[in-house]
Every structure is written in structure tokens, then in C-alpha cells.
Amino acid sequence: MEKQPGKQAATEPPDSGAGGGEGEPPQVAGAQAARPEDRLTLLLRLRAQTKQQLLEYKSMVDATEEKTPEQILQDKQIEAKIEDLENEIEEVKVAFEMKKLALDRMQLSTALKKNLEKNNPRTSVLMDNMKHVLKLNKLIMKSHQESWDLEEKLLDVRKKRLQLKQASESKLLEIQTEKNKQKDDLAVMENSDKMKTIQQNLQMEIQITTVIQHVFQNLILGSKANWAEDPAFKEIVLQLEKNLTMI
Amino acid sequence: MSVLRPLDKQPGLNTATILLVGTEDALLQQLADSMLKEDCASELKVFSFFSHLARSLPLPSNVNRPRIDLIMFVVNLHSKYSLRNVEESLRHVDATFFLGKVGFLATGAGRESHCSVHRSTVVRLARTYRSPLLFCDPEVDGFRAPVAQRLVRMLQICAGHVPGVSALNLLSLLRSSENPTLEDL
């Protein structure tokens, strides 16, 4: 059938108090002087153990008394339920720890109070500590206040900067719109009919003047007069050479 | 058909018993030895069962066996047979045992190349049975002592030798470290 080399190894309870486990005979090893105390510790330990074991059995009995649901739940639902129950357990544990902490604090404060009443309150080290703590607390509050003020100032400066930025933005916008308006007006003016008629008139006048210039030039050339000698004459002839379309 | 039940026998005074289930004799022997070497105020009894049959957790009912406080299923990641063996012996353990009195120990995770069982398989197994999973490398001597210490401490708690902590308490304490992987999976 099965191979069952069940190995059983028992270790002796360490009566010598050194913690045993090597299998030596501790009782014989002469711890007789310390025996009653060790017996006492052993008894106390056994008491604690039996208490704990009793608690475990009681809780098992309570657990079996509870009704288990008869319907067949699916895996996921069971797992969800298990997790819910575990969360409940954790919450209860945490609440218990908090209460224990609060209780400890209350006990500590009452003990402290009694101690203070007993001792001379002016000379004890405790009072010095408390005064130091108070001083530090005042310092902390002061520096908190200062930092708060500085933060307020910073905030104000930032607000102002934002306002300035917004003002400059609006100004620039205005400038841009003005420029655009000017450009539009110019374009409109240039394309209007008045400008066209003016331009046509100008062209006609230029042509007439050019024709007159040529007529004068030919007159002077045809008269065969020496116009290079007289400076005033020369100036007039050179002026007639000016091309009026380039102006 | 014998099913292992917790709390069906009276506890021995100042004794705690652990049951190691696995297929490798030498490993279990080593683990048992290092556990016994541990400094412990109460008596330790280590039962190792080297079950070669895959059918049942062999528990002869004629043996006068004390109450078992903790069962550790040892899975060797190098062999699929040990995993299968453990899975089949799990059937013969009562459901109330899994409220903190069962643990899984995976060995041989150090050498990845030799592992035929993937780590996640064992993790999933531990998750389905909602039991803690420990890892151990038996060859390295330095690893065996801390694992033995942990096992001894767990055994003490499961046997009720530590006032104020129960097996279920320990289970919920151990669980919170596993939760990140649960959300991943």
C-alpha cells in the first residue's frame, strides 16, 4: 500500500530556560535551583495556550451554528461574498485597534496627570518638555502665518500680472483692428471711380503736354538757331527733353 | 474514506503537529530536521508523509495520531508529478482546514530552466484554496533556516500557542500582500 515512514521527532520542553530542541536531557542537567520559577513560567505559558485553544474551539462552535445558504451560488458570487466578509473583518479589526489606541491614550493622560499632581510641578523634567513643546508650537504657528502672508502676496502679484497681460492683449487687438481698417479704407479709396477719372485725366494731360513738347522741339530745330550758346535757351531745350511719363 | 478534519481531536498539551505532504523524501526530511532544530518553547512534532500513490492522502486510521495543526503541501516546480499528487491529496482534506491551517510550499523556483511547472500555476492553486504560498530553495542552506523559522511560527499560531493571534487572523494578515497579484490576474 502506501509507504508510510512517518517520522516522529519530539523535542523536550526546555525547562532550563535556554530553549531546547537538541534532545539533551535538560532535567538532569542541573537546573534544579531555577526549577520553581521555570515551572511557573511553564504553567503560565500553558495557561495562555489553553485559553487560546479554548477560544478557537468556541469560535468554531459559533461558526457551525450559523446557517449556511442552501442555494448553489456561482463561483464569482462566492468569491465576491468572501471578499466582502474579509473586508468586514478588516474593518472591525481596524476599528478595534483605533479604540484600543484611544483607550491607551486616555490611560496615559490620566497617569500623566496623577504624576504631575504628585511631583513638584515646577522642577520636573516633564514641565520643561511641555514648555519646550509650547515654544515650538508657537514658532510653528508664527512661521505658518508668515508663509501664508507670503503666499497671499505672491497671489496678488500673479493677479496683477494677469491683469496687465489682459490689458496689453486688448490694446494690441485694438491696434490691429485700426491697422486693418486703414488698409481697407485705402483699398476702397483706390478702387473708387473718382480715382479712375482722375487717372484718365492725368494721362490725357500728359499726352497733350508731350505733344506740345515735341512741337516746340521741332520748331526750335527747324528754325536752325544755335541753342547751345545761350544758357537760358539751352535750359529750355533740355527741359523739353524730359519724359513726362516718368514723373 | 478518511478525510482530515481539524479540531476533531483534543489538542495535546504543549504540542504542535505539522503534516508535510510531498513526493520527495529527502526534501521533506531536510525540512523536518531544520524545523526541529529551531528554538521553540513548545514541543514540536513533525509528520512527513511521502505519498507515492496519487489516489488518497494516506491516513491509516489505526495509527494513534495527534491532532494535526498545520498541513503544508510541498510542490516541486521541477516535476509535474508532485503537483498532480498534491492536487489529488487536496481532496481528502476537510474544507474547514483551509481557514488558515493549510499552506503551500513551492520548491525549486530558483532554477528557471528546470521548472516544468510554471510559477503561475502554483499561484493560481494557492489562490483557489485561499491559502498562503511560500517559496523555498532547499539546496541552498541559507534559505532553509528562515523557511523553517516561518513554518515553526505558523505552526505555533495554528496550534493556538500564541495568545491573541488565531490561524484565521494570520491568514488575513498574509493575504493583504497577495492582493496586488490578484488584481493583475
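Worth saying up front: this structure is predicted, and the values here are computed from it rather than measured. Proteins get letters first, then strands, A, B, ... in listed order; numbering begins at 1 in each. Side chains are part of it too, since the values below use all heavy atoms of this structure and drop only hydrogens, waters and symmetry mates.
Sparse packing is recorded around CD of A:E169, with 12 or fewer heavy atoms of other residues, nucleotides or ligands lying under 6.0 Å away. By the 6.0 Å contact criterion, NZ on A:K93 is enclosed, its count of non-hydrogen atoms from other residues, nucleotides or ligands being greater than 12.
Contacts from residues 103-111 of chain A to chain B, taken as heavy-atom pairs separated by less than 4.5 Å, involve no residues at all.
Looking at A:Q52 and B:S166, their side chains come closer than 4.5 Å, going by heavy atoms from C-beta outward. B:T96 is listed as a side-chain neighbour of A:M60, based on a closest heavy-atom distance under 4.5 Å. For the pair A:R45 and B:H161, the minimum side-chain heavy-atom distance is 4.5 Å or more.
Summarising the geometry, atom SG belonging to B:C158 is positioned 8.0 Å from atom CD belonging to A:E56; distances are rounded to the nearest 0.5 Å. The CZ atom of B:R130 sits 5.0 Å away from atom CD of A:E86, with the distance rounded to the nearest 0.5 Å.
Only the side chain of A:I82 comes within contact range of chain B, with heavy atoms under 4.5 Å apart.
Without hydrogens or angle criteria, A:Q49 side chain to B:G160 main chain gives no donor-acceptor distance under 3.5 Å.
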